[in-house]
Amino acid sequence: MPDHPLYQQLDELAKAVDTIALADEAELAELRTQLLGRKSGKLTHILRGLRDLDSDARRDVGQRANRLKQQIEAAIAAREEALAVPRMTASDVDLSMAGRRQWQGAIHPVTAVVDEICDIFREIGFTRVTGPEAETEEYNFVKLNIPLDHPAADEHDTFFLDGQAKQPCGEWKAPGRLLLRTHTSPMQARTMERYQPPIRIVVPGQAYRRDPFDPSHSPAFEQIEGLVVDDGVSFVDFKAGIDFFVKRFFSPETEVRFRPSFFPFTEPSAEVDVQCQLCRGSGCSTCKQTGFLEIMGAGMVHPAVFERCGIDAERYTGYAFGMGPHRITMLRHGIPDIRMLYLNDMRFLGQFAL
Ligand code: DAH
């Protein structure tokens, strides 16, 4: 009996159920009449046809038709409910309201400066290395020719950590204290102990001092250390290396000035000044009318440092430098207060997003 036309009508009815879920209000009313209408509804038509069937077929078609009726009624009820949910209309939305800003991730300006500086030194053969922020007195001071009872060690205003270093420290031959490194210079000693010359490294990293958090200081700050050790490295190589960096980083016209200074780990020592980027050397409040700004400490490596780090001081010479990328970032962008680089205020940082 399944080839009886009523079965075909049942199939068509089943297909119509799927269209209910997509109907709008007018279409739904129409579908309801088309499918369930008492006069000419398709289901009504099928039920009326039952009387022409024999009893088996009547039961079968009847059951199927009733199941379909329930499905249709349920689908119509579900669609009615969905259509009853109030929809947003144009008058509910303020189309003139500004959209919500999506922040785009970007490199922090200090990180960008650190990367740029390391890239410039890589062009002239420097390798980028990093080292521990928790250091020992031995590496932070003693190996760099800073005796622990020397005022230079006090000037660093060190944060000490609980605990003792395992190795003996300096002339005391007793374990030194653990501390947060006050500069990246200890990596000079760690590198020289591990590798023989030629050495050409830059060491970016955090250093820590008990400094106030004010417009020009932070207790945690970035440094980049540099070290070159080789046969016959001269003061001329030192000046040429620094000059190359300054001209590449700032501009080819930027003047560089070496001022005599003192550091226990270099001899002679210098402070390196560059022409003020704001007034171009004519004098302003940023450079205190001098036309120059200091960007790093540097000098020729002291033979005492070589001796403490296992390098033949008779044979080798070298130069070293240390600079503060926060300060250099401030100079480059004219940032008046170092704290702006730490506060993670998106209104400020967003200006540097590329
Ligand atoms: N370590 C020094 C400081 O933090 C900076 C410095 C000066 C590093 C001279 C050097 C150098 O390598 O040669 O104040």
Side-chain angles (χ1 to χ4, degrees), residues 114 117-118 121 126-133 135-147 150-159 179-192 199-211 216-230 233-235 237-243 245-246 256-274 293-306 308-309 311 313 316-328 338:
V114 169
I117 292 172
C118 291
F121 280 103
F126 285 67
T127 303
R128 177 175 178 152
V129 299
T130 56
E133 292 176 15
E135 262 296 2
T136 62
E137 285 185 312
E138 179 77 6
Y139 281 96
N140 197 77
F141 298 121
V142 179
K143 283 181 194 283
L144 295 167
N145 200 30
I146 313 174
H150 190 279
D154 293 342
E155 277 162 25
H156 278 218
D157 291 327
T158 312
F159 284 115
L179 45 78
L180 289 176
R181 66 179 175 193
T182 58
H183 49 181
T184 43
S185 305
M187 276 308 287
Q188 289 190 29
R190 289 189 178 275
T191 306
M192 288 189 278
I199 292 170
R200 273 188 165 67
I201 54 158
V202 277
V203 189
Q206 260 333 262
Y208 302 86
R209 286 185 202 174
R210 281 179 185 279
D211 279 333
S216 54
H217 294 88
S218 161
F221 55 94
E222 193 77 17
Q223 275 200 340
I224 298 181
E225 193 76 16
L227 175 69
V228 172
V229 185
D230 206 346
V233 176
S234 68
F235 199 78
D237 296 312
F238 162 54
K239 286 185 79 175
I242 301 299
D243 195 64
F245 160 69
V246 169
V256 188
R257 188 167 82 173
F258 292 77
R259 241 180 326 107
S261 184
F262 172 80
F263 298 103
F265 32 93
T266 44
E267 180 58 37
S269 301
E271 265 163 318
V272 178
D273 297 342
V274 299
L293 290 162
E294 186 226 309
I295 57 155
M296 66 170 91
M300 301 301 290
V301 181
H302 198 298
V305 175
F306 282 147
R308 288 172 193 273
C309 301
I311 300 276
Y316 293 109
T317 48
Y319 66 87
F321 55 87
M323 59 184 135
H326 279 97
R327 200 174 138 73
I328 293 175
I338 197 172

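We count residues from 1, following the sequence as given. Both counts, for ligands and for their atoms, begin at 1 and track the order of listing.
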Please tabulate protein-ligand N/O pairs under 3.5 Å for ligand 1, atom names and distances to 0.1 Å.
{"unit_1": "ligand 1", "atom_1": "1 (N)", "unit_2": "His183", "atom_2": "ND1", "d": "2.9"}
{"unit_1": "ligand 1", "atom_1": "1 (N)", "unit_2": "Ser185", "atom_2": "OG", "d": "2.9"}
{"unit_1": "ligand 1", "atom_1": "4 (O)", "unit_2": "Arg209", "atom_2": "NH2", "d": "2.9"}
{"unit_1": "ligand 1", "atom_1": "4 (O)", "unit_2": "Gln223", "atom_2": "NE2", "d": "2.9"}
{"unit_1": "ligand 1", "atom_1": "12 (O)", "unit_2": "Gln188", "atom_2": "NE2", "d": "3.0"}
{"unit_1": "ligand 1", "atom_1": "12 (O)", "unit_2": "Glu225", "atom_2": "OE2", "d": "2.6"}
{"unit_1": "ligand 1", "atom_1": "12 (O)", "unit_2": "Phe321", "atom_2": "N", "d": "3.3"}
{"unit_1": "ligand 1", "atom_1": "12 (O)", "unit_2": "Phe321", "atom_2": "O", "d": "3.2"}
{"unit_1": "ligand 1", "atom_1": "13 (O)", "unit_2": "Ala320", "atom_2": "O", "d": "3.2"}

With sequence neighbours excluded, residues passing salt bridge (Lys or Arg N to Asp or Glu O under 4.0 Å) with [X]:
X: Arg308; result: Glu171
X: Glu138; result: Lys143
X: Glu271; result: Arg259

Taking all heavy atoms of Ser234 and all of Met300, pick out the closest pair and write down the distance.
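Of all heavy-atom pairs spanning Ser234 and Met300, the closest is C-CE, 3.6 Å.
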As a quick check of understanding, evaluate side-chain hydrogen bond (donor to acceptor under 3.5 Å, both in side chains) for Asn140 and Thr182, giving each step before the final call.
CA-CA 7 Å; Asn140 197 77; Thr182 58; 2.9 Å; yes
Quick check on the 6.0 Å ring-centre criterion: do Phe306 and Tyr316 meet it?
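That pair fails the under 6.0 Å test.
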